[in-house]
Every structure is written in C-alpha cells, then in structure tokens.
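For this chain, numbers begin at 1 and follow the sequence in order. For the numbers below, each heavy atom of this structure counts, side chains included, while hydrogens, waters and symmetry mates do not. What you see is a predicted model, and the numbers here were worked out from it, not measured in a lab.
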Amino acid sequence: MANDRLVSPSAVETADVVVVGSGFGGSVTAYRLAEGGRSVVVLERGKPYPPGSFARAPADMSRNFWDPSAGMHGLFDIWSFRGLEGVVSSGLGGGSLIYTNVLLRKDERWFVHESPLPGGGYENWPLSRCDLDAHYDRVEDMLGATPYPYADTPKTVAMHEAAGRLGLPVWRPPLAVSFAPRPGAAPVPGAQIAEPSYGNLHGLPRSTCRMCGECDAGCNFGSKNTLDHTYLSAARHHGADIRTRCEVRGFAPRPGGGYEVRYVVHEPGREGRPTATGELPVHRIACRRLVLAAGTFGSTYLLLRNRAALRGISSALGTRFCGNGDLLGLLLHATGGDGSGPPGPRRLRSSTGTVITSAVRVGDELDEDGSSGRGFYVQDAGYPTFLDWLSETAQMPGSTRRALAFALHRLRARLGHDPQSNIGRQLSLLLGPAEFSDTSLPLLGMGRDVPDGRMSLRRGYLDIDWTVQTSLRYFERVRSVMRDLGEELGAEFRDNPLWWSHRVITVHPLGGAPMGRHPAEGVCDSFGEVFGLPGLYVLDGAALPGPVGANPSLTIAAFADRACDRILEQDPGAHSAAEVSAGMPADVPGKAPADLPPEAFVPPGMTVEEVPQPAPAGGERPTSLSFTEEMKGHAALDVDDPEQGRDLGRQRKQQLAFRITVTAHDVDRFVDDPAHPATVAGHADCDVLGGRLPVEHGWFNLFTRDDDPARRRMLYRLHLRAPGGSPLTLVGRKDIHDDPGADLWPDTTTLYVRLLAGHVQPDGDAGAAVLGAGVVTVRPADFVEQLTTFRATGPHPARALERFGRLFLGELWDVYGSRLRPPPEEPA
C-alpha cells in the first residue's frame, strides 16, 4: 500500500525484458532470454543467500521474516487468510531456497478439461503433458535431477515398507540436490562440488549433501541445486542484470507499446529499521516485455493493484486459487522395531537425509484404473536436527523428571553421600532416550484439491476467499491414507493443530491469473501472455488454472521454458537500448506536479488570475475556511453507471472510500462566486485501483446551478495516480433536488462517482475513457465528526464561518423550503 516518492520523472532506464521475481518461472525466463541475446533485468525484492548465510541461531531466526515496513528483510514470508496460511520465501532464487527439492512431473491424466467446480465454472488446462515433456527434460537436466541415493535411511525404509504393505506405489523421486561432486560420480557427503561452466554468482564453494535435513530452512552447504546456483548464475553469465532488494510497486502500459515498471530499493542500511510509507524513492524502468514471476501471491497482487491501468484484462483475474492440496500430518511413537531385532520403538530418524526422500502415490478417478476420488501424493517430511532438540525439550513431564533426578544426584554428591566423580551416566539419563523425536515422522500430502478460491484486494491488502469445505472429501482421503501408513508402522496419526479448525498451511499456492483458451476463461494464454496486453506475461504458479497434484516447481519451470521458446520464435533478433526505448514515448499524463502548467492547479470556475494569492506586504490576507469529509461505499471497474458499479462492487466486496480536506482559500470570494470553487487534498482508498492513492490535485464546487433553477449540485474532481504511474480522475456529483419524500439527507450525503483514465479537466469528461463507477456516502458517525473539523484561518474567522453557514443553509432552503412556504395569496 506504500506510495513512495519518485526519484526523477526523467530517469527512466530501458531493457528488452524486465522479470519480476527470481523463482522457478523468473529464473528460467531470465536465463533463456539472456541466452537468446535479450537485455534482461531481474528485479528480486529479497537479498542473496550464499552458502553459510542462512539463519540458524535463535536471534537470527527471530528476524528471518519478510516485512520491510517493520525493518525485516528476511527469508520467510508468512501469509494468513480466511481458510489457510501460506509460506513463501523472499530471496534470490525464490521458492527454491526453501522448497524440498522434489522434481515430479504433473500426471498426464491430471491435465483436466472442463472439470466442473462447485459454485459454477470449471478447471481447464489449455496445455497437455505432451506440450511440456521436452521442457521437463530440459529443466531436469539443468537442475541435476537425481533420486535420493541412500536406500538405508530409516525414514526411507519405513515409508517403502508401509506403502508396500498397503499396495501403494512408492519410489525415491528425483531431487535437485548434488549428492556427488560431479555428474556420474559416486555419492559422498561433504565433498566439494565441481564448478559449472557458467560459474556461480556467489563465488563461494559448494559441497555435496550431508543429509542434515535443513533443505527447507536454507542449505548452508550449497548442496541444493537452487536457482541462484543454476539458472540465475547462467543468466548472469549471459549478461542478465540481476538486482536484489528491488521490490516492484507498480507497472503500466506505455502509450507507444511496452511497459513502465516502478520499484523501490530496500537498502541494507535500512534493515532493522522500520520504513514509513513514502520514505523510499521510486525508480523507473521501461521494457518491451514484462514478465511477472513473483509467485502466486506476488504476481496476482501486482495485477490486482494495477488493475485500473490494464484495460480489458480478463474478469478471471483473482480466480482459480488453490493450495495444491497441501496437508501436513504427523506420525508419532512408531513401534515394531526395524525388523532386525525384537519389537520396540522404531527409529525413524526424520532429521537424517534430505527433507523428502520418498513419494507415495494414491490414484485418481481420472487414472481409469479403478481408483476413485481425487489423486494425491504423500511424502516423508523431514526436518533439521535442531527441531529434534526443541521437540524433546517440549516433553515437559519426562524432561522435568529427569532434571530433578539429575539435580538430586548432584546434591547427594556435594553432600558427600556419593563419591562417584564420573557423571557421564547421569548426563545420559538427563538427556533421556529421546524416543519422541526418534520415533516421529511428519508427512506431507499434496494433490488435486478444488481450485475455487478467489483472490482480491481488501483495503489495499491481498485477501483470499477459500476454505477446505469444497475439498473436504479430498482432505479426508489424504488423512485416511496417512493414518493407514501410521498403522503399518505402529505409529499414532495426529493432525497438525491447524486442522482442528479446518485450516491448512500451504507452501504451494497456485492460481489467481489462470491460463485459458480465451479471455472469458483465463487471464493469459497457454504461453503465459496476458490476453489483450501484448508483451505482458505471467510465468509462475499464478498462471496455473488448478492444482498440479505433484510438487509444482518442475511444472512451473517447464511452463516458463515453453513460453520462452515462443518469445524467441516471435522476436528472433536482439535489441539495442535505443531500439528498446524507441516507440515508447514518455507518458505525458504522468508528469510530476512541478512540470504541470499553472492552469492545472486552478479550481474549475476560476482563471489563473483569480486564484487567491498571498497578500502583499502590509495588506490584509484573506480568511480561509476548511473542513474534512469522509465518504465510503463500493465501486467496480468496466461499468459507467454509478449505481450499477455500487451494486457490483458491493457483491464483490470492492470498497471505495476517500478522506479529503476541502479548503476555500478566500471565503469572501468563495461565497460571492456562483461556482463556489475550493481545492481538495487527501487520499482515496479503492480496492480495484490498488489501495490508497493520494490526491495529487483536487477541486470542489458547492451548489453549482444548471438549467433547472430548483436543482443544485456539489461537484468533486480528484486527480489520482495508480501504483504503476497511470493518471486517474475521480469525478463525482451530489444531486440536490427536492423529490417526493424526505430526501435532504440522502441528497447531501450521496456522491455518484465515475473513474476516468488520465488527469481530466471538466471540459474533457465527455471524451475520457471511463474505467469504472460507484457510489459513496457520508455515514452519520462520519458526518458528526465532519462538523468538528471546520476551521477558519485569517483575520475574520467568525465572519467566514457565518458567511459559509448562510450560503449553505440558504441554498438548502431555496431547494427544499418550497414545501414550507405558504402558497401565494390569490388576488381578491
């Protein structure tokens, strides 16, 4: 919601392609297009994480979250919505920094077509497995896809045994992890990895996997083949300009083609220091092609926030959200031994190995093999060793009992009752058998949940309307299989605490800008290009029209790789900086206030000469009067009737509000002028316009007259600017007219609003493009507050308030007093 200050209206860089985000879609795109000779700029909001830089200490971990407004520039970005929590990352390499390395392809039969959804609509994939297979191959090769090579890891053995007894397919899936120092070599933990031909942008050595379970907390050894070590290093090798700590705030089409992107820089010196709204300078860069790859949350938020500038974008924007069926379960207290000795606690050692080593597949009704319901995968979900210590410490009765026993033993020794000085046995007893952590295993389920969620803005913030209800049968099936696996291991199945309130936590959010065959079905086509906005692409999880079912990272990367083939085919030649900027003239309506002509600051009904000027030395300055007004309501885009916009906006929960201060700089002139002109300052809050927008210039006219002597109007004109820099105008009117019934209150408190493209003066309304419309009203509580805001400043404040009051009440009497006046006497 930040509205930051512009660095310089003329300082606009140029590039052939700007890529927003450095996750699986963005990194693949940056590499492919840079390799193809394009000038590519990658804007990543997070910072780089070379080997050894991931937080481990409690003090570092407590700051390892993303919220620049609070001074936190950390790795984890946590979201909370109505029916789910979301965990994504912020850093160079995007989600690859914290994902579990699994590279599974989307099942061929799970590319559904016109699959009905509850509440209407359907899930439809406009591409197939055949369209992606060659690109799956290419990505797997780049990321070094390798199955987990160790068959004796306890949790791996347990998963295979349990799945085998249940008759479920199970295998060790390909992982983007280096287990060997070079391709084809034998796996060995901790060996130095050979440098690839394209180098490594961090310039630090990497070592092979040590099976420490820290994959999803960030690999400090560089064993994961994350995107910064692979695609981004290759992209930089081919000339891509990769910029970290650069957060995109807005974008808009340019009149001559292409796009202008606005972003801020989170300087390292600001880390740990809260950043106030408007504190960061805004940088601008123009490009022929703009690729949104900021993740499902980030890309959809940017599209929604800049919606007003994207004329004609599909109404499917914000739809088809899902969490890829993510569900976390827990197996506790496994028993039965490991099969080589007597029964007893079974060691699962969840912190040994990569986070995921095995995948169990459960069939889908689409498989046509007798399976029913929606298919899914269940995978072992290991964790770092330090969580073993936390879980053991949390076993309060046992740990407290052992601590008391140890203290009693040492007290007896100090009192001379126990001469034994070797205390190793007592320390071992103090630590305990650690059976809880040793016999526990988290399970991660994912699959084909129902993609019927809707993403929108609520008071400028991202909001998601999604619950587990329509996917409840799916989730119950996942829980049932997890319970069955637990029974085969003699373990107790436990839901994660979020499920108690029917909430889930997803690490694979998808949808929001779904692909489709046409604009009525999706936001972009099967190559990620947004319908009606050439050169704008969505190449990340936001473009997927439903769940992948398997871990989605490989499918996102393959989808982006396929899109890059199309881009390079359509535009085979590289472009110089001059060619990039050619045909993209400066956006004249986006001039900075200092560049606007003097008449732009003149209220309607006044000339430049009539604008009140400061009193000359020794003269009496005019008295000014101001008051603050707050109005709230609803609006919608792509309609031009205010009442229709109000009804549609209310249905979609799209709020429109503004809080403005109206100032008559010279009350005498204001009262005497028939147009009663004043100026306006303040801000508007509008979900469909991207949140809070300051009023750059604003005008107000009180009780203007037209051809109807019984009618008055209050006119509002606010010049705003969308986050991407596009100028907008809010024009509104209150109709003061004596209709049948008591209508004085609704007439004077109801404002009918239209939203126009550009900064429009009164004589240009008829020719301006209408972006949307709505209705806002003054609520009674806000009206009471408004009465307390009247202020008069100058030599005659009492007279100014009196003159304004007489004008206001007199005009109302002229309009509504006719009913109270006695009828004229008829002549005798």
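Here the side chains of M211 and Y150 are in contact, with some heavy-atom distance below 4.5 Å. Taking 4.5 Å as the limit, some side-chain heavy atom of T354 sits within range of a side-chain heavy atom of L175. Looking at L280 and H266, their side chains come closer than 4.5 Å, going by heavy atoms from C-beta outward.
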Chi angles and distances behind the salt bridge (Lys or Arg N to Asp or Glu O under 4.0 Å) call for R56, E214: CA-CA 10 Å; R56 291 294 183 268; E214 297 183 359; 2.7 Å; yes

Residues R32, D565; criterion side chain to side chain contact (heavy atoms under 4.5 Å, CB included); working and verdict: CA-CA 8 Å; R32 289 294 316 282; D565 276 358; 2.7 Å; yes

Go through it in stages, so that I can follow the logic: the residues are Y198 and R236, the test is side chain to side chain contact (heavy atoms under 4.5 Å, CB included), and I'd like the CA-CA distance, side-chain angles, deciding distance and then a yes or no. CA-CA 8 Å; Y198 48 74; R236 191 190 66 166; over 6 Å; no

Audit row: C322, D449, side chain to side chain contact (heavy atoms under 4.5 Å, CB included) steps and yes/no: CA-CA 7 Å; C322 71; D449 61 347; 3.6 Å; yes

Would you please test S358 and Y148 for side-chain hydrogen bond (donor to acceptor under 3.5 Å, both in side chains) and show each step? CA-CA 8 Å; S358 303; Y148 184 70; over 6 Å; no

Criterion side chain to side chain contact (heavy atoms under 4.5 Å, CB included) on D228 and H202, from CA distance to verdict: CA-CA 8 Å; D228 49 341; H202 295 303; 2.8 Å; yes

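For the pair R249 and Y263, the NZ or CZ position fails the cation-pi test of under 6.0 Å to the six-membered ring centre and within 45 degrees of the ring normal. Both tests pass for R566 against the ring of F527: distance under 6.0 Å to the centre and angle within 45° of the axis. Relative to the ring axis of F221, R210 places its NZ or CZ within 45° and under 6.0 Å from the centre.
Between G25 and A293, the shortest heavy-atom contact is C-CB, 4.0 Å. The two residues L510 and G546 have their closest heavy-atom pair at CD1-O, 3.9 Å. Closest heavy-atom contact between D380 and L443: CA-CD2, 4.3 Å. Taking both residues in full, the closest heavy atoms of F179 and P147 are given as CE1-O, 4.1 Å, listed atom of the first, atom of the second, then distance. Summarising the geometry of L348 relative to L441, their closest heavy-atom pair is CD1-CB, 3.7 Å, with the distance given to 0.1 Å. For P51 against P205, the heavy-atom pair with the smallest separation is CG-O, 4.1 Å.
Ring centers of F24 and Y99: under 6.0 Å apart, within the cut-off. In summary, the aromatic rings of W66 and F76 are positioned with their centroids too far apart to meet the 6.0 Å limit.
Atom CZ of R182 is surrounded by 12 or fewer heavy atoms from other residues, nucleotides or ligands within 6.0 Å.
A side-chain N or O of D326 and one of T506 form a donor-acceptor pair less than 3.5 Å apart. For the residue pair E85/S80, the side-chain donor-acceptor check at 3.5 Å is satisfied. Using modelled atom types and a 3.5 Å distance limit, the side chains of R172 and T357 yield no donor-acceptor pair.
Panel note: side chain D216, backbone I98; no donor-acceptor pair is recorded below 3.5 Å. Formation of a donor-acceptor pair under 3.5 Å by the T352 side chain with backbone atoms of S350 is not found in this model. D241 places no side-chain N or O within 3.5 Å of a backbone atom of V41 that could act as its donor or acceptor partner. Of the possible donor and acceptor atoms, none in the side chain of T156 sits under 3.5 Å from a partner among the backbone N and O of A151. Checked by atom type and distance alone, the side chain of S178 never pairs as donor or acceptor with a backbone atom of A180 at under 3.5 Å. S223 places a side-chain N or O within donor-acceptor distance of the main-chain N or O of T208, the cut-off being under 3.5 Å. Of the possible donor and acceptor atoms, none in the side chain of R349 sits under 3.5 Å from a partner among the backbone N and O of D438. Not a single donor-acceptor pair under 3.5 Å links the side chain of T153 to the backbone N or O of K155. The closest donor-acceptor contact from the side chain of S96 to the backbone of G93 lies under 3.5 Å. Remark: side-chain polar atoms of K106 are paired, donor with acceptor, to backbone N or O of P547 under 3.5 angstrom.
Here the CG-NE2 distance, from N200 to H237, works out to 13.0 Å after rounding to the nearest 0.5 Å. To the nearest 0.5 Å, atoms CG (L227) and CE (M142) are separated by 9.5 Å. In this structure, CG in L92 is found 6.0 Å from CG in L201, a value given to the nearest 0.5 Å. Rounding to the nearest 0.5 Å gives a distance of 5.5 Å between OG1 of T275 and NE2 of H73. A distance of 6.5 Å separates CG in L327 from CG in N496, rounded to the nearest 0.5 Å. From S440, atom OG reaches atom CZ of R347 across 13.5 Å, with rounding to the nearest 0.5 Å.
Using a cutoff of 4.0 Å between basic side-chain nitrogens and carboxylate oxygens, E161 and R346 are scored as salt-bridged. A salt bridge links R448 with D364: at least one charged nitrogen is closer than 4.0 Å to a carboxylate oxygen. Classification of R245 and E271 as a salt-bridged pair holds, one side-chain N sitting under 4.0 Å from a carboxylate O. Salt-bridge annotation for D133 and R138: absent, with no side-chain N of the basic residue lying under 4.0 Å from a carboxylate O of the acidic one. Ion pair R289/D571 flagged as a salt bridge, since at least one NZ, NE, NH1 or NH2 atom sits closer than 4.0 Å to an Asp/Glu carboxylate oxygen. With respect to the salt-bridge test (charged N to carboxylate O, under 4.0 angstrom), the residues E140 and R105 qualify.
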With a cut-off of 3.5 Å and sequence neighbours excluded, list every side-chain donor-acceptor pair involving residues 538-545.
| residue | atom | partner | partner atom | Å |
| --- | --- | --- | --- | --- |
| D540 | OD1 | A542 | N | 3.0 |
| D540 | OD2 | A294 | N | 3.1 |
| D540 | OD2 | G295 | N | 2.8 |
| D540 | OD2 | S299 | OG | 2.6 |

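Under the 30°/60° scheme for interplanar angles, the aromatic rings of W110 and Y377 are found to stand perpendicular.
Residues passing the side-chain hydrogen bond (donor to acceptor under 3.5 Å, both in side chains) test with Q379, sequence neighbours excluded: N551.
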